[in-house]
Enquirer: 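I'd like to ask you about the structure that follows.
Counting starts at 1 for both ligands and their atoms, following the listed order.
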Amino acid sequence: MAYDYDLFVIGAGSGGVRAARLTALSGKKVAIAEEYRVGGTCVVRGCVPKKFMVYASEFSSAFKVAEGYGWSFPEKPSFDWKTFITAKDVEIARLSGIYAANLGKAGVDLIHGRAVLKDAHTVEIAEKGLTLTAETILIATGGRPFKPALPGIEHAITSEEAFHLDDLPRRVLVAGGGYIAVEFAGIFAGMGSEVTLLYRGPNILRGFDDDVRAHLAGELEKKGVRVILAAQHDRIEKRESGLLNVLDNGIECETDVVMFATGRKPYVADLGLEAAGVELNEAGAIRVNEFSKTSADNIWAVGDVTDRINLTPVAIREAVAFHETVYRDNPSSFDHDMVPSAVFSQPPVGVVGLSEAEARKTVGKVDIYLTRFRPMKYAFMGSDERMLMKLVVEAATDRLLGVHIVGPDAPEMIQLAAIAVKAGITKKQWDSTCALHPTAAEELVTLRDKYIEPELQAAE
Ligand code: NDP
């Protein structure tokens, strides 16, 4: 049977765009449908605008550092939210335009509209009056923020609206303790808002190494963020003077904005998955095998909609593997092991590999190397900000299992550390690398003494 397209991609985010371009460039007839803006979460309402916000907000502490070095500002530096938002929007529009242009250059048909599956080979884009068929379909619709149901939740925003607020809020409460919550707590605090971070568990960033979690929570508080743990909303009440957050531990606090960063869910609603024979897993994500193939033989899915590791570079690698498998006769799967990640909190976190707790569970005995120190840059300002570096090593084999960094430039450092961890090197090999002085990163290769918890030391 002749189809309209060899490949139809639903969703023009990082994964969808990469798969569409590669496949069109290999000579296939490809279309991609996008209901919003080309670029997806990362470019339009995620990583990229978020990073601009982090850059904007970091200046407030940079000015303080500068004063320590002798700079003075005759007038107190001030921040204009609208100027920033306008500049950010111009850049995001430019980047989205580049993505769209690159699709065009590769020969991909870009259809602006919502695509719904009618059966395993047919998609309908109702607002364009189009019904199209394709031999292969790739679903790359990403995720959407999730807000729990509670009284007054309609007054709360998510990260999506946080990128477009009319004004910088004077008081913000951010609910959640994951990536987005801690990143936005830092952004708003750096820009000058009074910030409360509310998390239901015992400490933020569940799943990260416990030393990282404790260190970051402490650093956030040093930056003036009020961190409330082990509590959640009972309700939100709209008052004339603001939004009253009523918590289940009896605390009440009024803010101008309440932002929920309580996770993201795969965006599968009304996509026609059932009609196409595409199954979901228990978490509501599209179930795929290691090659990203769904339960329907000709339908594949990559990126956040499959809820494996929800990071842009992972979606891109999954898309490349899909292309290799389907169009290059080279069955490929992306190895989801040892993927580095960063939290662009202030200070930021960079992590690759296993936390101490995960490593103990997986391999048993581990050696820990840990240091905390004041970054040299802050020497003149009496700052009590500390950097944390931690290595997790398998005791039996000396293999480096995890690197954890909290502090300035941690994300930049971890990208390189990840090469070594992914390559499976030993601590001895890691240590044979000469330090580069004076840097903070040199501390990583000069950690010689095994770390023993102070309580255990006292007991010895
Ligand atoms: P996360 O899953 O990281 O965090 C969600 C947070 O919300 C957790 O602290 C969770 O608590 C809490 N939570 C969930 N449900 C409720 C509820 N009903 N009431 C109160 N709290 C709740 O999600 P994010 O939204 O922060 O980010 C989504 C994903 O996007 C991330 O997992 C990551 O993959 C990606 N991302 C990556 C970034 C990066 O690379 N820098 C930046 C931003 C996002 P608990 O821990 O108790 O479950």
Enquirer: Considering only the protein, which heavy-atom contact is closest to atom 9 (O) of ligand 1, and what is its distance?
Expert: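 The closest one turns out to be G177 N, 2.9 Å.
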Enquirer: Would K390 and D209 pass as an ion pair if we require N to O under 4.0 Å?
Expert: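 Yes, K390 and D209 are salt-bridged.
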Enquirer: For atom 29 (C) of ligand 1, which protein heavy atom lies nearest, and how many Å away is it?
Expert: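 Ranked first by proximity to atom 29 (C) of ligand 1 is R264 CD, 4.4 Å.
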Enquirer: Any nitrogen or oxygen of I180, main chain or side chain, under 3.5 Å from a nitrogen or oxygen of ligand 1?
Expert: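 Between I180 and ligand 1 (N or O atoms, distance only) the closest approach is under 3.5 Å.
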Enquirer: Need the ligand 1 atom indices (1-based, order shown) with element for anything under 4.0 Å from a heavy-atom of K50.
Expert: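 Every atom of ligand 1 under 4.0 Å from some heavy atom of K50: 41 (N), 42 (C).
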Enquirer: Between K222 and E385, does at least one N-O distance fall below 4.0 Å, as a salt bridge requires?
Expert: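 No salt bridge links K222 with E385.
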Enquirer: What is the closest protein heavy atom to atom 18 (N) of ligand 1, and at what distance does it sit?
Expert: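 Here the nearest protein heavy atom works out to P148 CB, 3.4 Å.
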Enquirer: Measure the distance from atom 38 (C) of ligand 1 to every protein heavy atom, then report the residue, atom name and distance (to 0.1 Å) of the closest one.
Expert: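 Result for atom 38 (C) of ligand 1: Y179 CD2, 3.3 Å.
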Enquirer: E442 and T446: which non-hydrogen atoms are nearest, and at how many Å?
Expert: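 The pair with the smallest heavy-atom distance is O-OG1, 3.1 Å.
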Enquirer: Within ligand 1, which atoms have a heavy atom of A342 less than 4.0 Å away?
Expert: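 Here the atoms of ligand 1 in question are 39 (C), 40 (O), 41 (N).
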Enquirer: Compute the shortest N/O to N/O distance between G263 and ligand 1 and return yes if it is under 3.5 Å, no if not.
Expert: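 Checking ligand 1 against G263, an N or O pair does fall under 3.5 Å apart.
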Enquirer: Look at atom 21 (N) of ligand 1 and say which protein heavy atom is nearest, naming residue and atom and giving the distance to 0.1 Å.
Expert: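 Answer for atom 21 (N) of ligand 1: T262 CG2, 3.4 Å.
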Enquirer: What's the separation between atom CD in E254 and atom CG in L243, rounded to the nearest 0.5 Å?
Expert: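 If we round to the nearest 0.5 Å, E254:CD and L243:CG are 7.5 Å apart.
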Enquirer: Could you find the nearest protein heavy atom to atom 19 (N) of ligand 1 and give me its residue, atom name and distance?
Expert: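 Protein heavy atom with the smallest distance to atom 19 (N) of ligand 1: Q232 OE1, 3.4 Å.
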Enquirer: Distance-only, no hydrogens or angles: does the R144 side chain make a donor-acceptor pair with backbone N or O of K265 under 3.5 Å?
Expert: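 No, because the side chain of R144 does not come within donor-acceptor range (under 3.5 Å) of the backbone of K265.
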Enquirer: If every non-hydrogen atom of L273 is compared with every non-hydrogen atom of I139, which pair is closest and at what distance?
Expert: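 Closest pair (atom of L273, atom of I139, distance): CD2-CD1, 3.6 Å.
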Enquirer: Tell me if the aromatic rings of F260 and F184 count as close, with their centers under 6.0 Å from one another.
Expert: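 So the answer is no for these two rings.
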Enquirer: Who gets closest to atom 13 (N) of ligand 1 by heavy atom: K51, R200, E183, R206?
Expert: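 Going through K51, R200, E183, R206 one by one, R200 has the nearest heavy atom to atom 13 (N) of ligand 1.
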Enquirer: Heavy atom to atom 4 (O) of ligand 1, shortest distance: which of G176, G178, G201 holds it?
Expert: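 When every heavy atom of G176, G178, G201 is considered, G178 comes closest to atom 4 (O) of ligand 1.
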Enquirer: Under a 4.0 Å N-O cut-off, is there an ion pair linking E219 with K223?
Expert: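 No salt bridge links E219 with K223.
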Enquirer: Just to verify, which of N245, T262, D248 counts as forming a side-chain hydrogen bond (donor to acceptor under 3.5 Å, both in side chains) with H233?
Expert: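 With H233 as partner, N245, T262, D248 yield a single side-chain hydrogen bond (donor to acceptor under 3.5 Å, both in side chains), made by N245.
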Enquirer: Among all protein heavy atoms in this structure, tell me which lies nearest to atom 35 (C) of ligand 1, with the distance rounded to 0.1 Å.
Expert: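 Residue, atom and distance for the closest contact: N310 O, 3.4 Å.
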Enquirer: Look at R114 together with D270 and state whether they make a salt bridge at an N to O cut-off of under 4.0 Å.
Expert: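 No.
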Enquirer: Of D304, L311, V54, which has the heavy atom at the shortest distance from atom 40 (O) of ligand 1?
Expert: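 It is L311 whose heavy atom sits nearest to atom 40 (O) of ligand 1.
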Enquirer: Consider ligand 1: state whether an atom of it lies below 4.0 angstrom from any non-hydrogen atom of A261.
Expert: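 Heavy atoms of A261 do come under 4.0 Å of ligand 1.
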